[in-house]
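Following: one structure in structure tokens, then a few remarks.
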Amino acid sequence: MNMADVHIVGAGPAGLFAGIAALRSGRSALASEEHSRVGEPEACSGLISRSGLEALRKSAGVDYSRARINAINSAKIVCGKEEFAITPKEETAVLISRSEFDGLAAEKFVEEGGRLELGKKVTGDFQSDCIIGADGPASLVAEKFGFPKIKSYVASMQGDFAYECEDAHCATLYLSSQDFPGFFGWAIPKNESEAKIGLGVALPRHPLAYYRRFLAQLGVEGKPSHEFAAVIPTSVRAKTAMRAGKRNVLLAGDAAGQVKATTGGGVFFGASCGMLAGKYADAPEKYEKAWRAQYGLDLALHSNLRAALDLAGGQPPSVMVSAAKALFFDELLSEKGTMDRWGQMATPSTLATYAGILRKKLVGR
Ligand SMILES: Cc1cc2nc3c(=O)[nH]c(=O)nc-3n(C[C@H](O)[C@H](O)[C@H](O)COP(=O)(O)OP(=O)(O)OC[C@H]3O[C@@H](n4cnc5c(N)ncnc54)[C@H](O)[C@@H]3O)c2cc1C
């Protein structure tokens with residue numbers, strides 16, 4: 001017997017936003033979470049575009065302000081001796097506490113009538129014929145129903161350290177195919193004297209030795225107040241929804257691989273695709289079509305840039321940084337860049353801005 005119209009496995013952003021959307025489409029929803037508290041243990045940097053957080057606030061009513069830690073207004077990309085600054089005119093980011101943010105989403109889900117079952121690891125005892133697998137990168141739901149595999153993962157480590165930040169509102173990204181093969185390193189300030197410092201390396205490498213070396217290079221000493229290791233999917237599954245007998249099974253968030261392959265950012269896309277999964281919980285084909293139509297191009301563009309960076313892995317990525325600088329992409333990103341929706345940058349207005357930058361640089365007016 002169905003205990004709810006929709007059974008959501010996993011109460012991270014994808015699952016909770018799926019639950020909110022399912023309730024709003026008139027269905028009852030049960031979300032099962034294996035941990036005893038939502039959002040814990042925290043395994044995320046929590047850097048999200050302001051536009052993404054605003055979009056989630058407007059669509060689902062989850063106000064992130066209580067979860068806010070710091071405003072991040074610019075980024076510095078360091079690659080050996082080369083540096084590349086991005087100081088966006090409009091798009092800025094917010095560093096949030098993921099445990100707080102997930103807690104706020106859970107509050108909203110319950111307030112709107114959802115049932116949240118904590119400390120419950122689902123092993124195959126599904127409570128409905130509509131199942132949303134929002135159970136993270138090692139999805140049991142995907143495994144049980146034989147979905148195509150995620151083809152690439154990054155292994156990551158991060159700690160919260162005492163760290164003197166040159167600019168408390170600028171995130172620094174480190175590129176080096178030797179020090180961070182297949183990904184990058186980062187230092188994201190929480191304030192003037194504390195930062196989230198971490199890195200990723202493409203699997204099957206183990207991140208620990210790279211992490212220790214990176215901390216030593218930055219001169220980081222002392223114990224972190226919080227530290228974790230986790231994997232990040234960097235490719236989308238070829239199929240994310242199916243009918244299995246009388247069951248409708250949909251995957252959302254990391255379980256589906258709906259993550260930016262460039263940065264590993266998955267909160268905005270996971271929650272947004274989760275909302276579509278909740279809306280189309282009994283129509284797998286519609287879900288697959290809807291999320292690919294809305295976000296497929298964005299994720300594909302992130303994935304193409306990741307592939308280009310990986311191809312350049314044989315030579316120093318500083319070549320790519322220099323090439324990008326020579327083409328004045330740093331200025332274009334500052335003027336028109338968005339962190340998530342790269343598909344939306346391919347507009348006549350962006351091309352006109354780029355033409356203007358080139359003209360000014362090359363012709364001088
Ligand atoms: C080091 C690191 C840094 C990151 N930084 C950022 C960032 O700055 N910005 C950003 O946007 N993204 C970032 N991400 C990615 C982001 O954390 C994920 O994309 C996001 O958490 C995906 O949400 P989700 O709901 O799909 O999965 P999750 O958040 O993983 O939630 C899945 C939930 O399912 C539960 N679960 C799993 N299996 C079961 C089961 N069988 N039964 C019951 N419950 C189960 C888990 O306990 C978990 O709570 C980072 C990831 C890492 C590893």
Side-chain angles (χ1 to χ4, degrees), residues 7-19 30-49 52-53 56 64 69 72 93-99 101-103 105-106 116-127 131-144 153-160 171 173 183-186 188 196-201 207 211 226-234 240 251-275 277 299 302 339-340:
H7 186 192
I8 298 153
V9 184
L16 292 165
F17 282 78
L30 164 70
S32 303
E33 167 56 49
E34 66 178 317
H35 291 106
S36 55
R37 282 179 70 123
V38 162
E40 289 184 8
E42 195 168 294
C44 178
S45 307
L47 188 64
I48 326 266
S49 67
L53 286 167
L56 295 176
Y64 59 92
I69 299 175
I72 302 295
V94 183
L95 184 68
I96 55 162
S97 149
R98 264 296 302 281
S99 49
F101 180 74
D102 290 16
L116 180 59
E117 185 183 34
L118 294 172
K120 166 72 189 171
K121 184 177 173 78
V122 176
T123 52
D125 42 339
F126 302 112
Q127 305 292 315
I131 301 159
I132 297 180
D135 47 347
S139 171
L140 170 132
V141 176
E143 188 70 35
K144 278 255 177 241
Y153 288 92
V154 157
S156 63
M157 287 191 74
Q158 182 188 278
D160 290 26
L173 310 183
F183 216 55
F184 64 97
W186 61 86
I188 307 170
K196 289 176 183 280
I197 299 177
L199 57 67
V201 292
Y211 179 64
H226 174 64
E227 193 173 47
F228 65 87
V231 295
I232 305 174
T234 49
T240 62
L251 303 177
D254 277 18
Q258 291 155 339
V259 176
K260 291 186 278 187
T262 44
T263 63
V267 173
F268 168 72
F269 285 108
S272 303
C273 294
M275 289 197 78
L299 291 174
H302 283 279
M339 280 172 67
D340 306 311

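Numbering of ligands and ligand atoms starts at 1, following listing order.
Near K120, meaning under 4.0 Å from one of its heavy atoms, ligand 1 places the atoms 42 (N), 43 (C). Counting the atoms of ligand 1 from 1 in the order shown, those under 4.0 Å from a heavy atom of A230 are 53 (C). Atoms of ligand 1 lying under 4.0 Å from any heavy atom of H35, numbered from 1 in the order shown and given with element: 47 (O). Heavy-atom proximity to G10, at under 4.0 Å, picks out these atoms of ligand 1: 33 (C), 34 (O), 35 (C), 44 (N). Against a heavy-atom cut-off of under 4.0 Å, S32 is close to the following atoms of ligand 1: 43 (C), 44 (N). The distance from ligand 1 to the heavy atoms of G253 drops below 4.0 Å at these ligand atoms: 26 (O). Close contacts of ligand 1 with S156, meaning ligand atoms under 4.0 Å from a residue heavy atom, involve 1 (C), 53 (C). Heavy-atom contacts of F228 reach the following atoms of ligand 1: 1 (C) (cutoff under 4.0 Å).
Summary of contacts: the protein heavy atom closest to atom 50 (C) of ligand 1 is C44 SG, 3.9 Å. In this structure, the protein non-hydrogen atom closest to atom 5 (N) of ligand 1 is S45 N, 3.1 Å. The protein non-hydrogen atom at the shortest distance from atom 42 (N) of ligand 1 is V122 N, 2.9 Å. The nearest protein atom to atom 36 (N) of ligand 1, hydrogens excluded, is given as E34 OE2, 3.5 Å; this is a heavy-atom distance. The protein heavy atom nearest to atom 49 (O) of ligand 1 is E33 OE1, 2.6 Å. Residue, atom and distance of the protein heavy atom nearest to atom 19 (O) of ligand 1 are D254 OD1, 2.7 Å. Closest protein heavy atom to atom 9 (N) of ligand 1: L47 O, 2.9 Å. Residue, atom and distance of the protein heavy atom nearest to atom 25 (O) of ligand 1 are A14 N, 2.9 Å.
The shortest N or O to N or O distance between V267 and ligand 1 is under 3.5 Å. Here's the thing with G266: one of its N/O atoms is less than 3.5 angstrom from an N/O atom of ligand 1. Between W186 and ligand 1, not a single N/O pair is under 3.5 Å apart. The shortest N or O to N or O distance between I48 and ligand 1 is not below 3.5 Å. Note: no N/O pair closer than 3.5 Å links Q158 and ligand 1 by distance alone.
In this structure, CG on L173 lies 12.5 Å from CG on L199, to the nearest 0.5 angstrom. Summarising the geometry, atom NE2 belonging to H226 is positioned 8.0 Å from atom OG belonging to S99; distances are rounded to the nearest 0.5 Å. Between the OG atom in S49 and the CZ atom in F268 there is a gap of 6.5 Å [rounded to 0.5 Å]. From E227, atom CD reaches atom OH of Y211 across 3.5 Å, with rounding to the nearest 0.5 Å.
Only the backbone of A43 comes within contact range of ligand 1, with a heavy atom under 4.0 Å; no side-chain atom does. Counting heavy atoms under 4.0 Å from ligand 1, residue A134 touches it through the backbone alone. Contacts between V9 and ligand 1 below 4.0 angstrom, taking non-hydrogen atoms only, involve the side chain exclusively.
The minimum heavy-atom distance linking Q158 with W186 is given by the pair OE1-NE1, 3.0 Å. Taking every heavy atom of both residues into account, P13 and R98 meet most closely at CD-NH2, 3.0 Å. Across all their heavy atoms, K144 and G124 have their closest contact at CE-CA, 3.8 Å.
A heavy-atom separation below 4.0 Å is not found between F269 and ligand 1. Residue contacts with ligand 1 include R98, since one or more of its heavy atoms lies under 4.0 Å from the ligand. Contact annotation: P13 has at least one heavy atom less than 4.0 Å from an atom of ligand 1. Residue contacts with ligand 1 do not include Q258, since none of its heavy atoms lies under 4.0 Å from the ligand.
Of the candidates L53, D102, L47, L53 is the only one forming a side-chain contact (heavy atoms from CB on, under 4.5 Å) with I96. S32 pairs in a side-chain hydrogen bond (donor to acceptor under 3.5 Å, both in side chains) with only one of the listed residues (H7, Q127, K120, K121), which is H7. D254 pairs in a side-chain contact (heavy atoms from CB on, under 4.5 Å) with only one of the listed residues (I232, V267, V231, V259), which is V259.
At a threshold of 4.5 Å between non-hydrogen side-chain atoms, the residues F228 and P41 do not count as touching.
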Practice item. Check the pair F101, V94 against side chain to side chain contact (heavy atoms under 4.5 Å, CB included), reporting the backbone distance first and the verdict last. Key: CA-CA 12 Å; F101 180 74; V94 183; over 6 Å; no

Review point. Checking side chain to side chain contact (heavy atoms under 4.5 Å, CB included) for the pair F184/T263: CA distance, chi angles, key distance, verdict?
Key: CA-CA 8 Å; F184 64 97; T263 63; 4.3 Å; yes

Review point. Given the rule in the side chain to side chain contact (heavy atoms under 4.5 Å, CB included) test, do F183 and S156 qualify, once you have shown the distances and angles that lead to the verdict?
Key: CA-CA 9 Å; F183 216 55; S156 63; over 6 Å; no

Exercise for review: For the pair I188 and L95, evaluate side chain to side chain contact (heavy atoms under 4.5 Å, CB included) and give the outcome as yes or no after the intermediate values.
Suggested key: CA-CA 8 Å; I188 307 170; L95 184 68; 3.8 Å; yes

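The option with the heavy atom closest to atom 15 (C) of ligand 1, from among G133, G274, G264, is G264. Here atom 2 (C) of ligand 1 lies nearest to I232 when heavy atoms of I232, T263, L95 are compared.
Every residue meeting the side chain to side chain contact (heavy atoms under 4.5 Å, CB included) condition with E33, not counting sequence neighbours, appears here in chain and number order: A11, H35, L118. Under the side chain to side chain donor-acceptor pair (under 3.5 Å) criterion, S139 pairs with D135, not counting sequence neighbours.
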